Amino acid sequence: MGGALRRADVGATVTVGGWVHRSRDLGGQLFLALRDREGLLQCSFNPDWTAPAVIAAAAAVGVESVVLIEGTVHARPADQVNPEMATGEVEVRATGIRVVGPALTPAIPVATSKDTKPPAEELRLRHRVLDLRRPELQHALMLRHRLAKATRDYLSGLGYLELETPILTKPTPEGARDFLVPSRVHAGEFYALPQSPQIYKQLFMCCGFDRYFQIARCFRDEDLRADRQLEFTQIDIEASFIGREDIITMAEGLVRALWAEAGIAVETPFPRMSYAEAMERYGCDRPDLRYGLEIRDLTAVFRGSESGIIQSALAAGGRVRAIVVPGGGAWSRKQVDELEAIAKQAGAGGLLRLKAHQGALEGPLAKFLPADAQAALGLQEGELLLGVAAADRISSPALDRVRQECAARLGLVDPAVRKFLWVLDFPMFDQDPETGALAAVHHPFTSPNAEDMAARPDAPATWRALAYDCVLNGTELGGGSIRTSDPAVQSRMFQLLGIGDVREQERRFGFLLEGLRAGAPPHGGIAFGFDRIAMLLANATSLRDVIAFPKTTAARALFEGAPTQVPVADLDELHIRPVEG
RNA sequence: GGGGGCGUAGCUCAGUUUGGUUAGAGCACUCGACUGUCACUCGAGAGGUCGCGGGUUCGAGCCCCGUCGCUCCCGCCA
């Protein structure tokens with residue numbers, strides 16, 4: 001291929017195919033920059049070696065047309081080497097050209113220089129064939145391929161089998177909305193697209209396939225974001241006769257292999273932290289460890305406060321928690337108000353603020369504090385204390401957001417630093433504070449911690465789960481768990497989650513329970529967000545840059561024009577009718 | 001479902017603050033000149049439903065109301 005020609009190819013007679021990236025017509029001679037996925041190649045048309053008719057034909061070709069160029073590879077003179085091109089030491093002296101795919105004038109430019117802005121997202125998606133020709137996107141999708149291959153190589157090397165699972169499947173309760181597909185054969189019945197292959201991979205374990213993986217497409221009908229698409233890809237993994245440590249070690253090896261593919265060395269093992277510790281110190285179950293600003297419990301100091309806000313929060317069983325921001329004392333009233341707005345948006349009633357100035361505390365609360373408060377807080381000159389007095393359920397998310405914003409303002413978020421982390425010991429259930437209803441934090445098939453279950457059988461809200469998340473710089477890369485392999489325990493879990501009726505359990509999950517009853521090995525697994533990893537390693541900021549044909553945030557495919565209306569006859573055949581209005 | 005940003009030539013944008021003659025620039029495109037360029041250069045030209053609809057006004061790219069599209073965030077996404 002033309003973009004791969006190097007000095008060693010000098011002398012070769014070649015026919016190179018590609019797209020006309022740019023042309024420079026100097027009058028008597030001209031140069032075409034020919035592009036393929038490997039890069040750019042200069043083709044030189046000159047009367048000394050090119051027939052006049054060929055020069056005329058080359059001069060008439062429009063950019064983005066597909067051409068075949070015949071010629072000989074020549075070394076460029078030293079003063080004409082282009083160090084910015086991989087092929088910069090050579091050029092093809094053309095003797096012939098054939099336009100095999102003439103192109104209309106492109107609606108959006110493909111050949112851009114470093115400092116030009118890409119076209120609007122809408123145009124990029126509408127003219128995706130042109131957009132995907134751009135070298136950045138070519139590189140991103142080629143990286144994506146290498147990551148998929150590295151995944152297959154690594155897991156195959158460990159004896160994992162790549163097995164496929166159905167796309168037309170049964171609706172299962174995985175939290176998100178399902179995409180439904182009407183059945184033509186069975187009036188009024190629907191398939192669902194899988195939100196993940198979760199149950200199938202557990203069934204593979206019951207089948208005895210031991211170690212499974214799949215680069216699996218998943219579908220969730222929820223609103224989109226820069227890092228969320230309707231359909232996305234995960235690296236789905238499951239294994240039998242293993243425990244948490246086996247999965248973690250295997251997963252660390254996978255991360256190492258993937259990052260190595262992008263030329264980045266990753267050190268393992270990753271540090272670990274319990275969910276409880278992450279929530280206490282960072283207010284978040286996927287903390288960004290690139291910076292400090294850890295949350296401190298200052299309840300003891302504020303207990304003596306005469307402030308009504310604090311007293312009522314403490315009386316309700318809450319705490320006073322805060323972060324201390326070095327240099328924050330210099331922020332203006334307005335800047336701190338913005339932080340408070342962030343805290344309020346996250347659910348807090350407000351933000352307590354204190355700063356030390358000339359040995360005394362300043363802030364709306366200062367006068368309500370006991371005299372020894374300054375000594376107890378140890379606040380230094382220039383530091384700003386930002387706190388929330390409330391239940392942890394309120395203060396954790398609020399302080400998490402405030403902490404992230406402060407770190408961004410102080411420039412503490414270094415994109416060159418990578419802090420991997422395992423978060424362990426998630427709670428099994430999330431309890432609704434009003435109704436008391438339990439919901440699975442991970443999913444209903446996660447195994448609870450057996451010791452917790454034995455110690456407090458009547459308090460499931462206190463049980464920990466054998467679940468784990470892999471986190472990088474505040475982003476969840478993947479997560480998994482050891483599963484419940486005992487059908488009786490699984491049935492109990494359904495019961496705790498409000499599916500008490502046995503017939504209901506059988507109707508919805510009978511196929512899983514049947515697998516477990518047929519003799520299930522202990523098993524567990526993990527799933528990584530493949531697109532998100534590709535995005536990180538391609539230095540992209542949107543999933544759309546690592547997915548060839550993505551949807552817009554309004555869930556439309558602009559290039560193909562999906563979704564679309566269909567003829568009424570098609571609907572009739574599927575036994576569905578549009579709702580009037 | 002809610003909040004913010006953007007929408008002017010094929011593309012990227014200026015013009016909107018303070019309504020006023022014929023809406024501009026760079027790139028791309030067309031034509032012409034040019035024999036070593038590499039974002040070639042130079043000259044000329046063509047190119048506009050100011051997203052769409054309605055309103056205010058003597059007059060709207062600019063003000064008001066509505067609406068559509070793209071985007072970022074909240075909700076949502078176990």
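Fair warning: this is a prediction, and the values are worked out from it, not measured in the lab. Note that these values count all heavy atoms, side chains included, but never hydrogens, waters or copies made by symmetry. Chain naming here is simple, since letters A, B, ... match the order of the sequence lines and numbering starts at 1 in each.
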Answer with base, sugar-phosphate or nothing: what part of the nucleic acid does A:Leu40 contact at a heavy-atom distance below 4.0 Å? nothing

Taking any heavy-atom pair under 4.0 Å as a contact, classify A:Leu558: base, sugar-phosphate, or nothing. sugar-phosphate

Distance check: side-chain N/O of A:Thr552 vs OP1/OP2 of B:rC70, anything under 4.0 Å? yes

Just call it for A:Ala554: base, sugar-phosphate, or nothing, with non-hydrogen atoms closer than 4.0 Å on any strand. sugar-phosphate

Below 4.0 angstrom from OP1 or OP2 of B:rU37, is there any side-chain N or O of A:Arg24? no

Looking at A:Arg544, does any N or O in its side chain come under 4.0 Å of the phosphate oxygens OP1/OP2 on B:rC72? yes

Hunt down the Watson-Crick or G-U wobble partner of B:rA9, both distances under 3.5 Å, from any strand shown, or write none. none

When we call it a touch if two heavy atoms are under 4.0 Å apart, what does A:Asp430 touch: a base, just sugar-phosphate, or nothing? nothing

Determine the sole option in A:Gln202, A:Glu238, A:Gln490 for which the side chain to side chain donor-acceptor pair (under 3.5 Å) test with A:Arg483 is passed. A:Glu238

Under 4.0 angstrom, heavy atoms only, what part of the nucleic acid is A:Glu91 near: base, sugar-phosphate, or nothing? base

Of the listed nucleotides B:rC38, B:rA28, B:rC70, the one nearest the side chain of A:Thr105: B:rA28

For the side chain of A:Arg126 and the base of B:rG69, is some donor closer than 3.5 Å to an acceptor across the two? no

Using the P atoms only, state how far B:rG26 lies from B:rG66, rounded to an integer number of Å. 39 Å

If the cut-off is 4.0 Å, is A:Arg22 near the phosphate of B:rC40, judged by side-chain N/O to OP1 or OP2? yes

Does the distance from a Lys or Arg side-chain N to an Asp or Glu carboxylate O, for A:Lys201 and A:Asp236, drop under 4.0 Å? yes

For a quick check of understanding: with a heavy-atom distance under 4.0 Å over all strands, which category does A:Gln29 fall into, base, sugar-phosphate or nothing? base

May I have the step-by-step check of side chain to side chain contact (heavy atoms under 4.5 Å, CB included) for A:Ile499 and A:Phe509, ending in yes or no? CA-CA 11 Å; A:Ile499 315 170; A:Phe509 303 104; 3.8 Å; yes

For the pair A:Arg128 and A:Asp131, find out whether any cationic side-chain nitrogen is under 4.0 Å from an anionic carboxylate oxygen. yes

The answer to which of A:Asp48 and A:Glu122 contacts RNA chain B further toward the 5' end, by nearest nucleotide, is A:Asp48

Is there a Watson-Crick or G-U wobble partner for B:rG75 with both distances under 3.5 Å, and which nucleotide is it? none

Contact class for A:Pro47 vs. all strands (heavy atom < 4.0 Å): base, sugar-phosphate, or nothing? base

Can you tell me how far P in B:rC63 sits from the matching atom in B:rG20, rounded to whole Å? 11 Å

Has A:Glu560 got more than 12 heavy atoms of other residues, nucleotides or ligands less than 6.0 Å from its CD? yes

With A:Arg532 via side chain to side chain donor-acceptor pair (under 3.5 Å) - residues at least two apart: none

Need one value for A:Glu121: base, sugar-phosphate or nothing, where a base atom within 4.0 Å counts as base even if backbone is also close, heavy atoms only. sugar-phosphate

B:rC68 and B:rA28, which share atom name C1', separated by this distance in whole Å: 28 Å

Donor-acceptor pair (no angle test) under 3.5 Å: A:Asp223 side chain, B:rC76 base: no

A:Thr553 side-chain N/O to B:rU71 phosphate OP1/OP2 under 4.0 Å: yes

Let's test your reading of the model: under 3.5 Å, does the base of B:rC76 pair with the side chain of A:Arg220 as donor and acceptor? no

Roughly, in whole Å, what's the span from CD in A:Glu84 to P in B:rA39? 7 Å

